[in-house]
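Residue numbers begin at 1 in each chain, while the letters A, B, ... track the order of the sequences. Source: prediction; values computed, not measured.
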Amino acid sequence: MRGGKPNNFFTRVWDTTRQIPRGRVATYGMIASIVSTSRAARQVGWALHAMDKLPPQDIRTIPWHRVINSKGYISTTCQEHTANEQADLLQKEGIEVRRRNNLWWVDLQKYLWHPKRLDAQR
DNA sequence: CAGTTGACAGCAG
DNA sequence: ACTGCTGCCAACT
C-alpha cells in the first residue's frame with residue numbers, strides 16, 4: 001500500500017486468501033501461520049481491513065469473506081464489508097451460515113479449508 | 001522512537 | 001461450558 005515499501009505481510013495475506021477454494025473457509029490463525037507466525041492472527045484481520053484501500057478490481061479478486069475466526073464466527077467489524085454481506089457471500093457459495101449467539105456461524109468441521117501445504121507463498 | 005490500535009486466539013477464572 | 005483477560009505483532013500516529 002504505502003508507496004515504495006513491499007509490505008510483504010499484507011501482500012502475503014491477500015495472496016494466501018486468494019488460495020482459499022470456493023465453498024471453503026479459513027481462519028485468521030491459519031492465514032497467519034502461513035504468512036508469518038500463528039501468533040499474528042490479529043494482523044491478518046488488519047490486513048484484510050486494509051484491503052479496502054486497494055482498487056475495486058483488485059478487491060474483487062480477494063475472497064475476504066472466506067476468512068472467519070477460529071470459533072467459526074464471522075467477526076468483521078468493517079463498515080464497508082459487513083458481517084451480513086459476508087454471510088450472504090458465503091451462502092451463495094453453498095456454505096451453510098446459521099445464527100448463533102446473535103452472530104453468523106459456520107461449521108468448521110464441515111467447511112474448513114485443508115491446504116495441501118502450509119509453506120509460505122515465497 | 002514510544003505509545004496506540006485491532007475483521008484473533010488461547011487460557012484462566 | 002461460558003465469559004473475560006492477556007499476549008501477539010505489524011502498521012499507524
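- In this structure, CD of A/Q43 is placed 15 Å from P of B/dT5, rounded to the nearest angstrom.
- Rounding to whole angstrom units, CZ of residue A/R100 and C1' of C/dA1 are separated by 12 Å.
- A/E80 has its CD atom 14 Å from the C1' atom of B/dA7, to the nearest Å.
- Taking atom CD1 on A/I34 and atom C1' on B/dA9, their separation rounds to 16 Å, with Å as the unit.
- A/E80 and A/H49 are not linked by any side-chain donor-acceptor pair at a separation below 3.5 angstrom, with hydrogens and angles left out of the test.
- A/K53 has a side-chain polar atom (N or O) that falls below the 4.0 Å cut-off from OP1 or OP2 of C/dC12.
- Both A/K71 and A/V67 lie close to DNA chain B; mapped to their nearest nucleotides by heavy-atom distance, the more 5′-ward contact belongs to A/V67.
- Taking atom CG on A/N69 and atom P on B/dC8, their separation rounds to 7 Å, with Å as the unit.
- Comparing A/R39 and A/M51 by the nucleotide of DNA chain B that holds the closest heavy atom to each, the one mapping nearer the 5' end is A/M51.
- Taking the side chain as every heavy atom from C-beta outward, A/R66 and A/T17 never approach each other to under 4.5 Å.
- Between A/S70 and B/dA9 there is a side-chain polar atom (N or O) within less than 4.0 angstrom of OP1 or OP2.
- Heavy atoms of A/S38 sit nowhere under 4.0 angstrom from any nucleic acid atom.
- The distance between atom CH2 of A/W46 and atom C1' of C/dT13, rounded to the nearest whole Å, is 10 Å.
- Within the 4.5 Å cutoff, no side-chain heavy atoms of A/E96 are placed close to those of A/V106.
- Annotation: the span from A/K92 atom NZ to A/R22 atom CZ amounts to 10.5 Å, rounded to 0.5 Å.
- Counting heavy atoms from C-beta outward, A/W64 and A/C78 have side chains that stay 4.5 Å or more apart.
- Look at CZ on A/F9: it is 16 Å from P on C/dC8, rounded to the nearest Å.
- Across all strands shown, B/dG10 is found opposite C/dC5 as a Watson-Crick or G-U wobble partner, with both distances under 3.5 Å.
- For A/A41, taking side-chain heavy atoms from C-beta onward, the closest of the listed nucleotides C/dC9, C/dA10, B/dA9 is B/dA9.
- Atoms CH2 (A/W105) and P (B/dA7) sit 24 Å apart, rounded to a whole Å.
- Between A/T77 and B/dA7 there is a side-chain polar atom (N or O) within less than 4.0 angstrom of OP1 or OP2.
- Taking for each of A/S36 and A/R42 the nucleotide of DNA chain C with the nearest heavy atom, the 5'-most of the two is the partner of A/R42.
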